[in-house]
Amino acid sequence: MIDPKIIENNIYVLEESLKKRNIDISIIESIKKVSKDRREIIKNRETLLSKKNSLSKEFGERKRKGIDISDIEKEIIILNNELEKMDELAKNIELEYESIMLNIPNILSEDVPYGRSEEDNVEVKKWGQPRSFDFNPLPHWEIGKNLGILDIEVGTKLTGSRFYVLMGDGALLERALINFFLDFYSERGYKEVWPPYIVNSNTMTGTGQLPKFKDELFKIEGLDYYLIPTAEVPVTNIHSDQILSIDELPKYYCSFTACFRKEAGSYGKDTRGIMRVHQFSKVELVKIVEPSVSEEEHQKLLNDVEDALKKLGLPYRVILLCGGDTGFSASKCYDVEVWIPSENRYREISSVSNFRDFQARRAKIRYKKDGKNYLVHTLNGSGLAIGRTMIAIMENYQNKDGSITIPDALVPYMKGKKTIGG
RNA sequence: GGAGAGAUGGCCGAGUCCGGUUUAUGGCGGCGGUCUUGAAAACCGUUGAGGGUUAAUAGCCCUCCGGGGGUUCGAAUCCCUCUCUCUCCGCCA
């Protein structure tokens with residue numbers, strides 16, 4: 001949620017940010033009106049409540065002393081009638097206000113570039129040289145099938161489209177990557193967390209998935225429970241409704257979970273292979289920091305993710321997302337893209353975002369400094385999506401004979417195996 | 001799944017039977033001070049959150065005793081309901 005004060009004092013900041021996101025700014029007028037009406041109603045209602053409190057008090061005192069109360073009784077009845085109407089008004093405006101506020105995207109950082117779509121994103125960094133093959137490189141689904149480590153047909157049989165099964169060394173590679181990343185980041189000061197994969201709607205609202213993106217979530221039938229689309233949701237919300245002490249900050253977390261996404265609206269996209277699936281593994285990094293250092297922490301977070309990719313020897317580039325492509329909750333977002341030989345281009349493998357106080361305000365995560373409470377800043381980044389890392393390894397490290405070379409950093413995690421197949 | 005008990009401010013914990021000087025007792029912890037070369041101890045003071053008004057982190061006002069609803073002039077206290085926690089039994093990895 002954005003700071004309500006922006007609507008009162010700096011509405012042009014919101015207007016500019018919405019323009020940058022290519023969102024229709026005609027909603028600004030209704031936002032202003034509802035916000036103003038709401039304050040007016042609150043003011044009036046509190047005046048009535050205050051009157052009622054003093055009358056009730058006098059009522060009690062008179063009764064105790066045996067003084068006549070009939071006039072005061074009449075007054076209270078009239079007041080209560082007014083209040084009943086006012087309560088109704090207040091309730092309605094509060095609902096309207098809330099639904100508007102929960103659907104306003106975050107204010108974009110000043111340095112987010114203007115632009116409509118992913119074409120307008122800005123490349124900020126490139127690392128590694130895409131390998132040139134002396135044979136025709138295969139896509140990962142063919143490599144995986146040939147080696148008997150990836151079975152998409154069985155996944156589809158067990159569940160439906162966009163599900164898959166890993167077998168043998170494929171399953172081992174998945175496990176190796178999870179352990180490699182968790183070790184890598186916990187050595188850098190991120191505390192390992194194992195959270196629930198199912199959370200309630202309050203938790204989903206805290207990080208911004210609800211109410212706006214309910215169509216992208218799997219909901220448990222008959223319950224207020226949802227499958228998490230990323231570990232960001234449970235891990236960030238560990239501190240919801242808390243006031244942390246200043247010396248608890250910053251907090252760094254790393255967490256492996258399965259992630260579940262409906263991928264509604266992506267029909268026809270990435271239909272082959274396991275690039276886009278309904279269930280995938282991911283190690284997520286979450287930071288909770290003081291506002292003054294969040295930009296610096298964002299860069300460090302990006303740097304940590306890059307280092308993991310470097311360690312695996314996978315060529316990548318970093319792009320800064322333009323306004324039109326930056327997610328709802330993010331103020332600023334870098335995507336890290338890894339080289340995919342079969343597509344002859346870079347594909348997203350991590351998203352590293354600074355949410356500033358947007359999630360903190362929704363989830364009520366605060367810290368105390370000099371006796372006063374402030375909202376924290378939250379950040380997160382994938383470190384990394386396991387399925388897509390596996391694709392990148394299979395394709396970039398494939399050999400002419402159909403085998404896959406295991407990157408050195410992973411060999412200890414693969415029971416010492418240096419190749420799969422071959 | 002069955003039976004019972006409970007949920008109060010950072011923590012512990014009174015108040016609930018019998019509704020109204022409770023602006024929620026008290027202790028611990030935190031902060032400030034006195035004393036001390038310094039510290040501890042002791043003593044004194046202070047110490048919840050959110051919102052409205054405001055230049056204001058000053059005052060004043062409103063709301064909050066697990067969530068929601070009800071009774072009442074008035075609810076932490078009475079009634080209904082939901083959620084969660086604990087104890088015992090059953091079942092189970």
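Numbered from 1 within each chain, the chains take letters A, B, ... in sequence-line order.
- Summarising the geometry, the separation between CD on A:Q242 and P on B:A49 is reported as 15 Å, rounded to the nearest angstrom.
- The neighbour count for A:K219 NZ, taken as heavy atoms of other residues, nucleotides or ligands under 6.0 Å away, is above 12.
- Ring orientation note: the planes of A:H298 and A:Y334 are tilted relative to one another, at an angle of 30° to 60°.
- Here the separation of B:G4 from B:C64, taken at their C1' atoms, is 30 Å to the nearest Å.
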Evaluate ring pair (Phe, Tyr, Trp, His ring centres under 6.0 Å) for A:H278 paired with A:F260, printing each intermediate quantity in order. CA-CA 5 Å; A:H278 291 306; A:F260 304 91; over 10 Å; no
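- Following rounding to the nearest Å, A:K51 (NZ) and B:U63 (P) show an atom-to-atom distance of 15 Å.
- Taking the six-membered ring for Trp and the full ring otherwise, A:H377 and A:F355 have centroids separated by 6.0 Å or more.
- Taking the six-membered ring for Trp and the full ring otherwise, the centers of A:F328 and A:F213 sit less than 6.0 Å from each other.
- Aromatic ring centroids of A:Y252 and A:Y185 lie 6.0 Å or more apart.
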Using the 3.5 Å cut-off, write out each protein N or O paired with an N or O of nucleotides 6-10 of chain B and the distance between them.
none

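- Note on residues 219-249 of chain A: pairs passing ring pair (Phe, Tyr, Trp, His ring centres under 6.0 Å), not counting sequence neighbours, are A:H239-A:Y253.
- For the side-chain hydrogen bond (donor to acceptor under 3.5 Å, both in side chains) test, no residue two or more places apart in sequence or in another chain qualifies with A:S30.
- Among the atoms of the strands shown, only primed sugar atoms or phosphate atoms (P, OP1, OP2) are found under 4.0 Å from some heavy atom of A:K52.
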Protein proximity profile, nucleotides 52-61 of chain B - base contact B, sugar-phosphate-only contact S, no contact -, cut-off 4.0 Å on heavy atoms: SS---S---S
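- For the C1' atoms, the distance linking B:U25 with B:G9 amounts to 13 Å, nearest Å.
- Going from atom CG of A:N373 over to atom P of B:G51 covers 10 Å, rounded to whole Å.
- Residues from residues 71-89 of chain A placing a heavy atom under 4.0 Å of any atom in RNA chain B, listed by number, are A:I76, A:N80.
- Where A:Y225 and A:L49 each meet RNA chain B at their nearest nucleotide, the meeting point lying more 5' is that of A:L49.
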Pairing of RNA chain B as dot-bracket, 5' to 3': ( ) intra-strand, [ ] crossing, | other strand, . unpaired, with Watson-Crick or G-U pairs under 3.5 Å? ((((((((.[[[..)....(.....]]]((((((.......))))))((((((.....)))))).[[[[[..)....]]]]])))))))....
